[in-house]
Student: 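One structure, pasted below without further comment.
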Amino acid sequence: MFYRFIATCIVACGLVLAIGGCGNSNDATTPATTPNVQNSTSSSTQHMSWGLYDVTIDANTGEVTTLPLRGADFNANVVKFLQPPSAPIELITIMINMAESDLPDGLVTMDILLRHPFPGKTLFRGFDVRGIIMGNGSHNGIYDPDMTFPGATDTTMLNADGFTRWWNQTEFTTYGTILGYTEGHFAKPGFTSTSTLNPYKVHCEGLEPGAPFYTFNPDSQCTFPAIDGAFRRKYRLQFDLDMIPLYSFKYAVDASWALPDPAFHPEYPVEAFGLDAHCQEPYLVKVEEYVEIPYYVDEWVAGGNLEFLLTIGDWQAVGGDILPEISHVWIESPTLF
């Protein structure tokens, strides 16, 4: 599931790495710029929702819980299931770490705890659960000018596990649905996030709150079980100083899932789920090493090379051969070219 290769590019600062996939998706890490995943039939990215549902009825209260079952390549924004009225209590808990924060300078460190929205329902073991933080994007992509991401003064996450285009407020406009942006109770009202490529933290079993994501054991399959499913992660956010003293951000919680093998009923351990339960894009892009070879003569004559050694993890890279899963690597930054 891992593969290493060297990429060479023009030297730059503040780089954004985007990995494009082959297979069934036009763009594995950044969904289509006008995503069709909001529709209930099909999409170019093949993140779809069919007319098949799991319905649970509480015999005491009469409350009905309806969750669309999925086919291959399905992601869902599960924020609506993590807060009232869909949940009896807030299943997202945010605690500010004052000792590691500098509020006057916009640095906020917080622990965010996510709890499984369907505790005990082993059928709904989650995979690749990601807490996505959304702010403003003052820079446009070079390869895709419709993509926006934070600049040097915009709100950003200092310890991001990765970046994704899923569920941003600008493009996923079927608000309040699992296939669109859902307003979280902790998001600042009246603020509209403009960034379409946003940082995330991964919540999964076996990953300590402050541990870098690349230290997790891939054999654990980045799973979020329905029993004892509560996982905390540390988020370090540098907010746009123009927002002080009001810290404005939006968020989403992305989760992947697929129907397990019914032979494993009712426990449904990890081995009951196939690779289609995972996210389709690479789940890990880590810069292992880089070498800068710059030159500067004057403001008109300057440049150089920047060589990367990357480790990329992709769940669908069966046998560790990731090359068939990746069609291209883009490296961009606000100062590139």
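Along the sequence shown, residues are numbered consecutively beginning with 1. FYI, side chains are in, hydrogens and waters are out, and symmetry mates aren't considered; it's all heavy atoms of this structure.
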Student: Asp161 and salt bridge (charged side-chain N to carboxylate O under 4.0 Å, His left out): which single residue from Arg236, Arg130, Arg233 fits?
Tutor: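 The passing option is Arg233.
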Student: Can you tell me if Asp228 has over 12 outside heavy atoms packed within less than 6.0 Å of its CG?
Tutor: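 Atom CG in Asp228 is not crowded, with 12 or fewer foreign heavy atoms closer than 6.0 Å.
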Student: Between Gln83 (side chain only) and His185 (backbone N and O only), is there a donor and an acceptor less than 3.5 Å apart?
Tutor: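 Yes, because the side chain of Gln83 sits within donor-acceptor range (under 3.5 Å) of the backbone of His185.
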Student: Would you confirm whether the ring centroid of Trp167 sits within less than 6.0 angstrom of the ring centroid of Tyr181?
Tutor: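 Not close enough - the centres of the two rings lie 6.0 Å or further apart.
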Student: If you round to the nearest 0.5 Å, how far is CZ of Phe186 from OH of Tyr251?
Tutor: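 If we round to the nearest 0.5 Å, Tyr251:OH and Phe186:CZ are 5.5 Å apart.
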Student: Is a side-chain donor or acceptor of Asn159 paired with a backbone partner of Lys234 at a separation under 3.5 angstrom?
Tutor: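 Yes; at least one donor-acceptor contact below 3.5 Å.
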Student: Does any donor atom in the side chain of Asn136 or Thr194 lie under 3.5 Å from an acceptor atom in the other side chain?
Tutor: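 Yes, a side-chain donor-acceptor pair sits under 3.5 Å.
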Student: In terms of ring plane angle, is the pair His203 and Tyr235 parallel, tilted or perpendicular, where the classes change at 30° and 60°?
Tutor: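 Answer is tilted, since the angle falls between 30° and 60°.
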Student: Do the side-chain N and O atoms of Asn168 and Thr196 include a donor-acceptor pair separated by under 3.5 angstrom?
Tutor: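 Not at all, the side chains of Asn168 and Thr196 share no donor-acceptor pair under 3.5 Å.
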Student: Pair Arg165, Glu171 - check salt bridge (charged side-chain N to carboxylate O under 4.0 Å, His left out), show working.
Tutor: CA-CA 9 Å; Arg165 200 159 174 172; Glu171 296 173 321; 2.8 Å; yes
Student: Kindly say whether the aromatic ring centers of Phe118 and Phe81 come within a distance under 6.0 Å.
Tutor: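 Here the rings of Phe81 and Phe118 have centres that are less than 6.0 Å from each other.
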Student: Answer yes if the side chains of Thr311 and Glu288 hold a donor-acceptor pair under 3.5 Å, and no otherwise.
Tutor: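 Yes, a side-chain donor-acceptor pair sits under 3.5 Å.
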Student: Less than 3.5 Å apart, any donor N or O on the side chain of Ser195 or Asn198 sitting next to an acceptor on the other?
Tutor: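 Yes - a donor-acceptor pair under 3.5 Å links their side chains.
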Student: Taking Tyr143 for its side chain and Ile331 for its backbone only, find out whether a donor-acceptor pair lies under 3.5 Å.
Tutor: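 Not at all, since once roles are kept as given, no pair shorter than 3.5 Å links the two residues.
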Student: Is the distance between the ring centroids of Phe231 and Phe224 less than 6.0 Å?
Tutor: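 Between Phe231 and Phe224, the centre distance is under 6.0 Å.
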Student: According to salt bridge (Lys or Arg N to Asp or Glu O under 4.0 Å), who are the partners of Arg125, at least two apart in sequence or on a separate chain?
Tutor: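 Result, salt bridge (Lys or Arg N to Asp or Glu O under 4.0 Å) vs Arg125: none returned.
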Student: Verify, without hydrogens or angle tests, whether Ser101 (side chain) and Leu103 (backbone) share a donor-acceptor contact under 3.5 angstrom.
Tutor: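 Absent.
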Student: Give me the ring orientation class for Tyr283 and Phe216: parallel if the planes are under 30° apart, tilted from 30 to 60°, perpendicular past 60°.
Tutor: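 Answer is perpendicular, since the angle exceeds 60°.
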Student: Test your reading of the model: is there a side-chain donor-acceptor pair from Asn305 to the backbone of Ile293, 3.5 Å cut-off?
Tutor: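 Absent.
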Student: Return yes if a side-chain donor-acceptor contact under 3.5 Å exists between Gln316 and His278, otherwise no.
Tutor: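 The criterion, which ignores hydrogens and geometry beyond distance, is not satisfied for His278 and Gln316.
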Student: Among Phe124, Phe127, Phe264, find the one that has a ring pair (Phe, Tyr, Trp, His ring centres under 6.0 Å) with Phe273.
Tutor: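 Going through Phe124, Phe127, Phe264 one by one, the ring pair (Phe, Tyr, Trp, His ring centres under 6.0 Å) with Phe273 is satisfied by Phe127 alone.
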